[in-house]
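Okay, structure first, notes after.
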Number of protein chains: 2
Amino acid sequence: MPQSQDTADAELGWIGIPEDAGPDENAIYEQIHLAIARQDLSPGTRLREDHLRRIFGVSRARIRNVLTRLAYAGVVTLEPNRGASVTKPSPKDAHDNFVARRAVEDAIVRIAAGHIGPADRALLTANIEAESKARHDGDTAGMVWLSGEFHMLLARITGNRILEGILRELITREALVISTFERPGRPSCSHDEHHAILEALCAGDADRASRLMLGHLGNVEDRLDLDPPKKPADLAEIFGRHPTRV
Amino acid sequence: MPQSQDTADAELGWIGIPEDAGPDENAIYEQIHLAIARQDLSPGTRLREDHLRRIFGVSRARIRNVLTRLAYAGVVTLEPNRGASVTKPSPKDAHDNFVARRAVEDAIVRIAAGHIGPADRALLTANIEAESKARHDGDTAGMVWLSGEFHMLLARITGNRILEGILRELITREALVISTFERPGRPSCSHDEHHAILEALCAGDADRASRLMLGHLGNVEDRLDLDPPKKPADLAEIFGRHPTRV
DNA sequence: TCTCATCATATTGTCGACAATCAAAGGTGA
DNA sequence: TCACCTTTGATTGTCGACAATATGATGAGA
């Protein structure tokens with residue numbers, strides 16, 4: 001499949017990955033992680049070691065180490081002797097991820113309701129405005145990312161690094177879920193919901209904030225199309241293109 | 001500090017780590033992870049690459065990879081140019097871990113209340129009995145391990161691999177927390193609590209199971225001594241030994 | 001024309017050697 | 001006797017080369 005390979009490489013080439021990220025291993029990890037979280041790298045994209053090595057200007061060993069860690073985080077899938085690719089979540093993965101997220105976000109929002117300060121409020125408000133702008137500009141990837149950032153900001157308010165780390169993984173995986181299962185032409189519309197959650201938090205009403213958060217997450221999930229495994233699409237496309245010939 | 005080094009090495013040598021684990025990387029990972037979860041390796045123990053290499057009979061590169069993954073899981077701490085050691089959690093880490101655990105376990109127990117079947121019940125009952133036996137035998141490490149397994153069984157009942165994975169990490173870190181902060185001569189006494197949780201689950205009473213679970217986790221936390229950073233103890237010991245001389 | 005076996009290429013897996021760094025021991029001077 | 005500098009040994013960090021494996025192409029046979 002030379003074609004899909006090339007597209008994947010192209011995808012790696014232009015965006016997200018800067019010309020010369022330092023030799024710092026963590027930096028490389030963050031770069032790739034961010035590229036996936038921002039949907040610059042779509043599920044299924046192969047991540048060839050030699051290619052990454054040239055992009056980042058480091059030895060293969062280091063790339064390999066980074067890929068190992070990304071695989072542990074669940075955003076990259078490592079197949080023996082087949083290499084690494086951006087994880088393509090199954091419908092069950094998607095569902096499980098949502099369930100776990102509800103549990104974690106519920107806890108976070110309840111803690112945050114007691115911790116939120118003026119500085120936090122400013123950050124959250126700014127985020128909501130940025131997302132609003134992204135929607136206005138039609139930047140859907142930016143919207144998904146900013147939406148995730150809103151939730152990460154909430155996690156940071158709690159001061160609990162463990163919850164924060166867990167949520168980070170869940171949100172990154174959700175970016176993969178969304179780009180795999182999104183219904184075309186169905187924009188996410190979480191703007192008012194984020195705002196309502198913020199208000200409840202500022203009012204110190206943990207129960208209401210929790211209710212709003214769970215409803216919000218439910219809406220995001222409902223907006224997806226989890227039933228079909230999606231992408232035996234390739235075959236369907238081919239059949240559609242060449243009705244009965246060759 | 002040659003002495004603490006030697007004890008650490010000895011600790012590595014005899015227990016937990018079998019003579020010849022296969023060259024399978026995952027197997028090595030699991031071996032070390034298990035040894036930490038079972039408290040066979042105590043917090044602060046240095047994990048020298050060359051030493052591990054000889055024990056497992058593989059190349060250093062592989063050991064290095066495993067240590068990277070363990071560090072990501074938070075059970076091993078990697079200091080640049082200083083190597084790896086079993087993570088010694090701070091009091092804050094301990095607290096954060098408990099908070100996160102309450103969130104995750106609450107969700108798990110609520111889901112499990114709707115999913116539990118006869119086979120699950122048998123496994124859980126067997127676990128409770130095994131823990132009872134371990135207590136009777138005075139095998140505290142075994143008790144901690146079996147107690148963790150009880151919670152892992154609950155997670156498995158939910159069928160949610162993501163929640164299961166998250167809990168696994170939290171439980172492993174809790175083993176580190178316990179061996180770092182346990183009050184001497186204060187045995188954990190969760191026997192009846194596990195039993196009560198199981199009963200509530202079998203009755204399908206999610207709310208009661210949740211309440212019991214949260215109380216149970218709270219009890220475990222209360223049993224610890226989180227206030228002192230623990231171990232400037234070394235100095236105290238020295239001062240005690242040599243009252244005013246030299 | 002189709003199927004199957006064989007081969008060539010590209011990619012990953014594994015290893016050992018060397019360089020860089022750190023911690024402790026030993027030695028020098030005040 | 002103490003403090004400080006230098007040296008030595010041990011440990012980790014990094015890399016390049018080679019081996020193993022999978023994928024796609026080629027060609028022979030039915």
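Model, not experiment: these values are computed from the prediction. Throughout, protein chains are lettered first and strands after them, A, B, ... in sequence-line order, and every chain is numbered starting at 1.
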(Q) Distance criterion of 3.5 Å, no angle test: do you see the side chain of Arg62(A) paired donor-to-acceptor with the base of dG13(D)? (A) no
Nearest-neighbour nucleotide for the [X] side chain, [options] considered:
{"X": "Arg60(A)", "options": "dC15(C), dT23(D), dT14(C)", "result": "dT14(C)"}
{"X": "Arg48(A)", "options": "dT12(D), dC15(C), dT12(C)", "result": "dT12(C)"}
{"X": "Ser59(A)", "options": "dC15(D), dC22(C), dT11(C)", "result": "dC15(D)"}
{"X": "Arg64(B)", "options": "dA23(C), dT11(C), dT14(D)", "result": "dT14(D)"}

Mind calculating the distance between [atom1] ([X]) and [atom2] ([N]) to the nearest angstrom?
{"X": "Glu25(A)", "N": "dG13(D)", "atom1": "CD", "atom2": "P", "answer": "10 Å"}
{"X": "Leu67(A)", "N": "dT11(C)", "atom1": "CG", "atom2": "C1'", "answer": "13 Å"}
{"X": "Arg46(B)", "N": "dT11(D)", "atom1": "CZ", "atom2": "C1'", "answer": "7 Å"}
{"X": "Asp50(B)", "N": "dT21(C)", "atom1": "CG", "atom2": "P", "answer": "21 Å"}
{"X": "Arg54(A)", "N": "dT12(C)", "atom1": "CZ", "atom2": "P", "answer": "11 Å"}
{"X": "Ile63(B)", "N": "dC15(C)", "atom1": "CD1", "atom2": "P", "answer": "11 Å"}
{"X": "Glu79(B)", "N": "dG13(D)", "atom1": "CD", "atom2": "P", "answer": "11 Å"}
{"X": "Glu49(B)", "N": "dT14(D)", "atom1": "CD", "atom2": "C1'", "answer": "12 Å"}

Q.
Between Ala84(B) and Ala61(A), which residue's closest nucleotide on DNA chain D lies nearer the 5′ terminus?
A. Ala84(B)
Q | Short side-chain N/O contact from Arg82(B) to OP1 or OP2 of dA23(C), under 4.0 Å | A | yes
Q. So do Arg53(A) and Asp50(A) actually touch side chain to side chain, heavy atoms under 4.5 Å?
A. yes
Q: Write down the atom of Leu224(B), the atom of Glu182(B), and the distance for their closest heavy-atom approach.
A: CD2-CA, 3.8 Å
Q: Flag yes if more than 12 heavy atoms outside Arg156(A) fall under 6.0 Å of its CZ atom; otherwise flag no.
A: yes
Q) Going by atom types alone, do Ser90(A) and Asp93(A) pair a side-chain donor with an acceptor below 3.5 Å? A) yes
Q.
Under a 3.5 Å cutoff, is there a donor and acceptor pairing between the side chains of Thr77(A) and Thr87(A)?
A. yes
